[in-house]
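Take a look at the structure below.
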Amino acid sequence: MRFVIDHLAKRFGGKEVLKDISFGFESGKIYGLLGRNGAGKTTLFNCLNRDIRMDAGAFFLETEQGRRDVRPEDIGYVLSAPTVPEFLTAREFLKFFIDINEKTIPDLRPLDEYFELVSIEPEDRDKLLKDYSHGMKNKMQMLVNLIAKPPVLLLDEPLTSLDVVVAEEMKQLLRGQKEGRIILFSTHIMDLALDLCDEIVLLNHGILEEIDKANLDSQEFKQRIIAALREEDDHE
Amino acid sequence: MNRTLRLSFSLKNAYRVNSILYSLKQIPFLGRLFPDVLYQVRGLKIFANVLSVIWEIVSIFLGKLLYFLIMIAGAAALYERADQEAVFLHILFLLTMVGAFMNTYIFNPTRDKYYAMFLMRMNAREYTLIHYAYAILRVLIGFAVCAAVFGRMSGLAIWQCLLIPFFTVGMKLTAAAWYLYRYEKYEELPNENDMNRLSWILLGLFLAAAYGLPAMGIVLPEPVSTALMVLPILSGALSVKRILGFAYYREVYQLVLAQSAVQMDQAKKAAKTQANRYIAADTGITSSRKGYEYLNELFIKRHRKILWKSSLRIAAVCLVLTVAAVFGVCLSPEIRETANRMILTWLPYFVFILYSINRGTGFTTALFINCDHSLLTYSFYKQPAHILRLFRIRLREIVKINLLPAAILGAGLALLLYLSGGTQDVLNYVVLVISLPCMSIFFSVHYLTIYYLLQPYNAGTEIKSATYRLILMATYLVCFYLMRVQMSTLLFGVMTIAFSLLYSVIACVLVYRYAPKTFRLRN
């Protein structure tokens with residue numbers, strides 16, 4: 001399966017944030033999306049999640065049965081600031097989510113098993129989400145997005161504000177979940193991207209381009225990424 | 001000193017000019033005509049600067065004119081039997097005493113103070129003193145003019161009118177010095193936006209003394225209040241020294257501004273904590289339903305405090321008032337006659353009453369901040385069929401919540417009409433019983449519809465839609481205006497019923513058509 005973006009463009013007022021995004025993502029891989037502040041990473045994700053309307057272009061899935069449109073349930077989106085309904089307990093949120101999506105969830109399991117997947121302790125499962133810490137909310141958001149097994153998972157800076165233990169747990173979780181799906185992971189932190197991602201994609205001046213790792217060691221690869229981001233800057 | 005003066009005023013002005021330009025851009029339709037770079041356009045900037053200066057001058061007088069007109073001269077005129085000059089001074093004296101402590105200017109947590117002292121790191125003492133001197137000067141000028149106008153109209157001598165602004169300023173200075181002294185000695189600070197219980201009680205006592213005593217015929221004699229007004233002028237003069245010599249302004253503002261929500265992020269946080277507080281912590285609350293009904297039931301149960309509980313409380317008040325009115329009508333023939341006449345012509349008044357007791361805005365705010373704000377980031381939640389399904393459920397709930405008080409009022413009015421002598425046309429009863437619930441349904445539909453069609457909030461839970469604000473304001477104005485309309489209950493009732501039904505149908509059609517597109521987080 002491939003997730004293809006075709007000539008996507010978006011402008012705000014007079015500013016062209018996304019000029020011409022075209023790219024094909026392969027399933028089974030984690031893509032690290034790097035870009036400077038204000039490069040448009042979140043805008044790109046918002047367009048893909050249909051939170052904002054794009055001005056031009058399209059995106060679709062290429063499966064063995066052929067090309068098809070992306071349905072809302074095909075996309076999972078985890079934001080950097082975790083958003084969970086605060087008036088529900090973790091268990092209630094999970095139950096609600098499964099109620100709604102039970103037809104599309106493959107191999108449904110008991111709720112507690114899901115909690116174990118992201119190591120949320122039994123005593124925390126019946127607490128209101130408003131009393132959850134940042135990291136725990138993040139786990140819940142990630143969990144809900146994993147259960148539905150959407151073919152495309154967008155992660156916007158998800159590990160940046162987590163403590164080292166939770167961040168490591170989440171990394172393991174993502175590595176374990178990448179089979180059969182496309183994970184697009186935006187971050188500012190290069191080491192994180194290099195550690196977790198299979199491919200590095202740059203978003204710079206409104207265009208996406210892949211940086212080929214070829215035979216470089218990680219130090220050389222870093223230099224190359226930074227050079228690419230700088231170079232583009234000098235063009236302006 | 002001179003530099004601080006210049007800088008701080010240009011900072012305040014820049015802030016205001018940018019706010020004016022920002023609001024120009026927010027006007028629906030018209031806003032689109034302005035370019036995106038409007039903050040650079042010279043002509044617009046000059047225009048906004050002119051507005052800013054005009055506002056600076058107008059605001060010296062505007063609030064004070066209203067204050068004198070309504071709170072002092074207007075209120076004094078109500079005590080017809082009392083000596084006008086004495087009542088005027090009596091109220092003025094007592095209100096000024098409270099006002100000096102409640103509004104010190106020096107402790108007002110405002111955004112420009114935060115910008116100047118913390119973001120721009122201006123000298124706190126210099127900045128504070130300059131602005132305080134300016135604020136005091138404005139009080140002096142504003143009060144001099146207002147006291148002259150209203151004082152003379154109430155029959156005071158010119159020298160008494162002249163005394164008023166100096167007395168006011170003296171009180172303000174004294175209060176400020178008193179607070180500064182408290183801080184030096186005990187590190188205590190007043191928080192003007194969040195008064196404690198003692199302050200509320202004192203406020204109540206002073207207000208009662210200002211307005212209650214004259215009603216009982218007790219008024220400070222004119223010579224006494226005049227003499228009392230001289231004292232603060234002396235104490236104010238002495239206070240200047242303390243205010244000038246106070247060494248901890250930066251420290252004080254650190255505390256004052258931290259308590260308040262002037263910082264942008266804090267304002268957001270405050271709204272969120274407020275809404276979060278409404279969530280009942282009782283995890284004994286459960287639901288046996290499924291899917292969206294499950295979500296809805298838990299939402300309603302956990303927000304009982306602002307939804308059902310408050311609706312039931314309002315319903316109880318309506319019931320008590322109705323019973324009281326029934327007694328009144330049964331006991332007194334005069335009340336009977338008035339009630340009968342009022343019920344047959346005052347139905348428009350009830351639009352405003354139902355507007356005031358409607359829980360619609362509280363419901364949609366809680367819906368957004370505690371529920372939709374997070375769930376709208378999940379794609380399953382945004383599927384058109386799901387949006388509409390939840391809309392139906394929510395509409396049903398909010399209609400139910402608001403219906404009870406309206407039904408009690410409707411039935412109560414019909415009963416009162418019957419007991420107060422009745423009417424020839426039986427249709428009047430029917431109209432009363434039906435039209436009030438209809439109005440209530442209208443408001444429920446109205447608030448939920450504009451929420452779904454405009455979804456005014458962004459991810460930071462700020463209202464970003466000027467259209468939404470304008471509609472809320474227009475709703476208020478229309479309801480307020482209707483209070484002055486007198487029309488036969490039959491005619492107005494039938495019109496209301498027809499309007500409410502028509503509006504509800506149109507609103508639902510619009511929601512079904514457009515909400516799947518409009519019900520999104522704003523950027």
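Sequence lines set the chain letters: A, B, ... in the order given, protein chains first and strands last, and positions in each chain run from 1.
Annotation for B/R513: atom CZ does not count as buried by contact number, only 12 or fewer foreign heavy atoms lying within 6.0 Å. Residue-environment remark: CZ (B/F380) exceeds the threshold of 12 foreign heavy atoms within 6.0 Å. Other residues, nucleotides and ligands place no more than 12 heavy atoms under 6.0 Å from the CD atom of A/E179.
Contact annotation: the side chain of A/V84 never approaches that of B/L375 to less than 4.5 Å [non-hydrogen atoms, C-beta and beyond]. Side chains of B/Y292 and A/I100 form a contact here, defined as non-hydrogen atoms less than 4.5 Å apart. Side-chain atoms of B/R302 and A/L128, non-hydrogen and from C-beta on, do get closer than 4.5 Å to each other. In this structure, A/K95 and B/K290 have side chains that are in contact, with non-hydrogen atoms separated by less than 4.5 Å. In this structure, the side chains of A/F87 and B/L295 come closer than 4.5 Å at one or more pairs of heavy atoms. The side-chain heavy atoms of A/N145 and B/Y378, taken from C-beta on, include a pair separated by under 4.5 Å.
The candidate from A/I75, A/T43, A/L88 with the greatest count of non-hydrogen atom pairs under 4.5 Å with chain B is A/L88. The choice from B/I285, B/L298, B/T286 that makes the most heavy-atom pairs within less than 4.5 Å of chain A is B/L298. For the set A/K130, A/Q141, A/E92, the entry with the most heavy-atom pairs within less than 4.5 Å of chain B is A/E92.
With values rounded to the nearest 0.5 angstrom, A/R50 atom CZ is found 10.0 Å from B/S379 atom OG. Put simply, CZ on A/F97 and OH on B/Y381 are 13.5 Å apart, with the number rounded to the nearest 0.5 Å. The NZ atom of B/K517 sits 7.0 Å away from atom CZ of A/R53, with the distance rounded to the nearest 0.5 Å.
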Which is it for A/N49 and B/K382 under the side chain to side chain contact (heavy atoms under 4.5 Å, CB included) test, yes or no, and what are the steps along the way? CA-CA 10 Å; A/N49 199 37; B/K382 285 181 292 192; 3.3 Å; yes
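Neither the backbone nor the side chain of B/R389 comes within contact range of chain A, judged by heavy atoms closer than 4.5 Å. With a 4.5 Å cut-off on non-hydrogen atoms, B/F299 touches chain A through its backbone and its side chain both. Looking at A/V78, neither its backbone nor its side chain comes within 4.5 Å of chain B, counting heavy atoms on both sides. A/E102 touches chain B through its side chain: at least one heavy atom from C-beta onward sits under 4.5 Å away, while N, CA, C and O do not. The part of A/L79 that comes within reach of chain B is its side chain, from C-beta onward, which places non-hydrogen atoms under 4.5 angstrom from that chain.
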